[in-house]
Amino acid sequence: MKALSNIKKKYSKLNIAIKAGFWFTICNALQRGIQFIVTPIYTRVLSADQYGVYSLFMTWMNILIIFGTLNMSAGIYYNGLIKNQKKVEKYTSSLQVLSTLCTLITFAAVFLINRVKPKFFNIPSVLMFMMFIYILVQPALEFWSAQQRVKYNYISVLLVTLLMSVLSPLAGILLSIYSDLQGYGLVIGFIVVNVSVNVFFYINNLVKGKFCVSIQEWKETLSFSIPLIPHYLSQVVLAQFDRIMIDMYCGSAKAGIYALAYQIALVMTIVTTGVNSSFTPWMYQKLREKDFKSIRDVSKVLISIFVIINCMIVLIAPEILYILGTAEYGEAVWVIPPVMMSTCVTFVYCTFGTILFFFEDTKKASLATTSGAVFNVILNMLFIPRYGFLAAGYTTLACYLLILFLYYIYMKRCCKRNNIRNVFDTKSILCILILLLAVSAVALILYPFVFLRYAVIFVMFAVCFTRRHYFLSVIKKVFKGENLDTLKRSE
C-alpha cells in the first residue's frame, strides 16, 4: 500500500503534458493489445480464406484513405489549431468540407477503375461503398481527438478510443458467428461501429463551424498534404501491400496466413511505440546539449534489448502461432523470422532518422521510404509468382534493409553538414543486426527441435539476467531524461 501511495504522489506532481503523453501512449498500446488479443478468436471463427478477405479489405482501406482524406488530421491540422486558436470550429469545418470533396473524388476514381477492371480491388461493390462511407466520416473523430490532445484532455480521448476498440471487434465476431456473412462480418462490424461514432462528430464539426469554407486554408492544406502522399503511401505499401499481391498471385487464403504472421509482429510494435515515445524526446534533448556519447551508448543498449526480445519471439514462434491460429495457418511460421527482423530494422532506421528530423531534413527520409516501397513492389512481382507467399516476408526484409542503408547514408551526410560525428556506434549496431540475422536463420533450422530452441532461449536469458541492472538502468534513465554517465558510476 505504501508503494502505491508513493506512486500516486509522484503521479500527482507530474505536469499535465507528461500525464497526457503517458495516457496517450497507454491508449495506443491498449488499442494494439486488443487487436492482438482478438486474433485467436478471428482465426478460429474464420477460415484462412475468410481471414484473408478481411485483411485484404483493411489493406485497401488504408491505401484509399490516404487519397480520400490526405491524412489532414495527422499533419497540417495540428499546426492549423495553433494558428487558428480563435476560430478552431470554422477551421475544422473548412478542412472537413475539403476532406469530403477528396473522398468523393477518390470514390469516383475507384468507381471508374471498377467499371474498367472489375477484379482490380477484388472487393464486393456493397463493401466498397461502405468503405467510402467510413472514409468520409473518419477524419471527424481524428479532428476532435487532435483538439483534445492539444488541450491535454486525455480522459475523453482514452474513453472514446477504448470503447471503439472493444466494440468494433466484438460486433465483427458476433456478426461472423451468428450470420452467414463469414469473412465480411468483421468488416461490417468494424464499419458499423466506427461510422456510428464518427458520424456524430462529422455533423457536429460542420454545424459548429457553420459549414465554413476558406479557399486560402484549402490551398495551404493541399500544398502541405499532397507532396506527402508518396510518403504516407510508402508506409502502407511496406507494411501491408504484400497482402494484395499475395491475394493476386496466390489467393486470399495465403494472404490470410501471411497476415497472421504480421499480427505476431504486433508484440514488437507495441514495445517500440512505447519506448520511442520517451526515447525520441530524450534524444532530441541530448542533440541540443551535444551529448553524443549518451546517445551512442543508450542507442546501442536499446537496440541490443530489442534484438534479444526479437530473437526470443522468433525462437518460440511455433508456440505463439499455435495460440494465435489453427493448423490451417501452420505455414506462417516460416515467414515470422523475416517479418520480426523487419520490426528491429525499422527501429534502427527510425533511430537514425531522428537526426534527419532534428535538423529538418525530412525530404531525405521520405525519399528513403519511397525508394523502399517501390523496390518492395518490384521484388514482390518477381518473386511471389515464382516462390509463393513466403517470398513476401523476405522481400519486405530486403526493402527495410535498403531503407536502413539509405537512412544511414543520409544521416552521415546530415551529421557532416552540421559538424557532428560519432553519434552512433555503427560498428556495434551492425554486429548486433548480424547476430539477429544469424539467430533467425538458426531458428528456421531448429523449429522441429523444441528442446534445442528452448536451450538457446535459456542461454540468452541467462546472459540478459547477468546484465539486468545495467539494461534496466538505461531504460529508467531514458524515461527520466537523465545522462548515461550517472548510471555507469552507480553500476
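Numbers for residues simply follow the sequence, beginning at 1.
Heavy atoms from other residues, nucleotides or ligands lying under 6.0 Å from OH of Tyr322 number 12 at most. Within a 6.0 Å sphere centred on CZ of Arg421, other residues, nucleotides and ligands contribute 12 heavy atoms or fewer.
In this structure, Tyr447 and Ala317 approach most closely via the heavy-atom pair OH-CB, 3.5 Å. The nearest pair of heavy atoms linking Gly393 to Val335 is CA-CG2, 3.6 Å. Between Ile336 and Ala261, the shortest heavy-atom distance links the atoms CG1-CB, 4.1 Å. Smallest separation of non-hydrogen atoms from Ile173 and Tyr42: CG1-CE2, 3.7 Å. In terms of heavy-atom proximity, Thr39 sits nearest to Gln263 at OG1-NE2, 3.0 Å. Heavy atoms only, all atoms of each residue included: Pro40 and Thr43 are closest at O-OG1, 3.1 Å.
With hydrogens and angles disregarded, a donor-acceptor distance shorter than 3.5 Å links the side chain of Thr466 to the backbone of Val463. No side-chain donor-acceptor contact under 3.5 Å links Gln240 to the backbone of Val237. Side-chain N or O atoms of Asn310 include one that pairs as donor or acceptor with a backbone N or O of Met340 at under 3.5 Å. Ser223 places a side-chain N or O within donor-acceptor distance of the main-chain N or O of Glu220, the cut-off being under 3.5 Å.
Residues Thr161 and Ser165 are in side-chain contact: their nearest non-hydrogen atoms beyond the backbone lie under 4.5 Å apart. The side-chain heavy atoms of Ser252 and Leu56, taken from C-beta on, include no pair separated by under 4.5 Å. You'll find the side chain of Met164 reaches within 4.5 Å of the side chain of Leu141, heavy atoms only. For the pair Leu186 and Pro169, the minimum side-chain heavy-atom distance is 4.5 Å or more. Using a 4.5 Å cut-off on side-chain heavy atoms (C-beta onward), Thr106 and Ile135 make no contact. Within the 4.5 Å cutoff, side-chain heavy atoms of Ile403 are placed close to those of Leu238. Considering only heavy atoms from C-beta on, Trp144 comes within 4.5 Å of Val160 through its side chain. With a 4.5 Å cut-off on side-chain heavy atoms, Leu315 and Met460 count as touching.
A tilted orientation is assigned to the rings of Phe143 and Tyr77, their planes being inclined by 30° to 60°. Ring-plane geometry between Phe358 and Tyr284 is classed as perpendicular, the angle between the planes exceeding 60 degrees on a 0 to 90 degree scale with a lower cut at 30.
Classification of Arg243 and Asp247 as a salt-bridged pair fails, no side-chain N sitting under 4.0 Å from a carboxylate O. Using a cut-off of 4.0 Å between Lys/Arg side-chain N and Asp/Glu carboxylate O, Lys300 and Asp425 are scored as salt-bridged.
Remark: Arg453 engages Glu319 in a salt bridge (charged side-chain N to carboxylate O under 4.0 Å, His left out) (not counting sequence neighbours). Listed by chain and residue number, Ile303, Val348, Phe352, Phe424, Leu433 satisfy the side-chain contact (heavy atoms from CB on, under 4.5 Å) test with Ile429 (two or more places apart in sequence, or in another chain).
Of the listed residues (Phe57, Phe190, Trp60), just one forms a ring pair (Phe, Tyr, Trp, His ring centres under 6.0 Å) with Tyr134, and that residue is Phe190. For the side chain to side chain contact (heavy atoms under 4.5 Å, CB included) criterion with Tyr454, the lone passing option out of Leu446, Ile316, Val459 is Ile316.
Rounded to the nearest 0.5 Å, atoms CG (Leu64) and CG (Leu233) are 9.5 Å apart. The OH atom of Tyr349 sits 10.5 Å away from the CG atom of Leu402 when rounded to the nearest 0.5 Å. Here the CD1 atom belonging to Ile355 is positioned 5.0 Å from the CD1 atom belonging to Ile420, to the nearest 0.5 angstrom. Distance check, rounded to the nearest 0.5 Å: CD1 of Ile295 to NZ of Lys290 gives 10.5 Å. In this structure, Ser168 OG and Asn194 CG are separated by 5.0 Å, a value rounded to the nearest 0.5 Å. Rounded to the nearest 0.5 angstrom, Ile384 CD1 and Asp242 CG are separated by 6.0 Å.
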Does the side-chain contact (heavy atoms from CB on, under 4.5 Å) test come out yes or no for Leu444 and Ser440, once each step is laid out?
CA-CA 7 Å; Leu444 290 169; Ser440 298; over 6 Å; no
Show your working on side-chain contact (heavy atoms from CB on, under 4.5 Å) between Asn380 and Tyr249 and close with a plain yes or no.
CA-CA 10 Å; Asn380 282 335; Tyr249 292 116; over 6 Å; no
Check step by step if side-chain contact (heavy atoms from CB on, under 4.5 Å) holds for Ile313 and Ile264.
CA-CA 9 Å; Ile313 293 174; Ile264 294 174; 4.2 Å; yes
Working note: Cys102 + Met72, criterion side-chain contact (heavy atoms from CB on, under 4.5 Å); need CA distance, chi angles, decisive distance, verdict.
CA-CA 11 Å; Cys102 291; Met72 297 176 199; 4.2 Å; yes
Criterion ring-ring contact (aromatic ring centres under 6.0 Å, His included) on Phe389 and Trp334, from CA distance to verdict
CA-CA 10 Å; Phe389 81 97; Trp334 305 108; over 10 Å; no
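There is no side-chain donor-acceptor pair under 3.5 Å between Ser225 and Asn71. In the model, Glu328 has no side-chain atom that pairs as donor or acceptor with a side-chain atom of Tyr51 under 3.5 Å. Judged by distance alone, the side chains of Asn62 and Thr59 never bring a donor and an acceptor atom under 3.5 Å apart.
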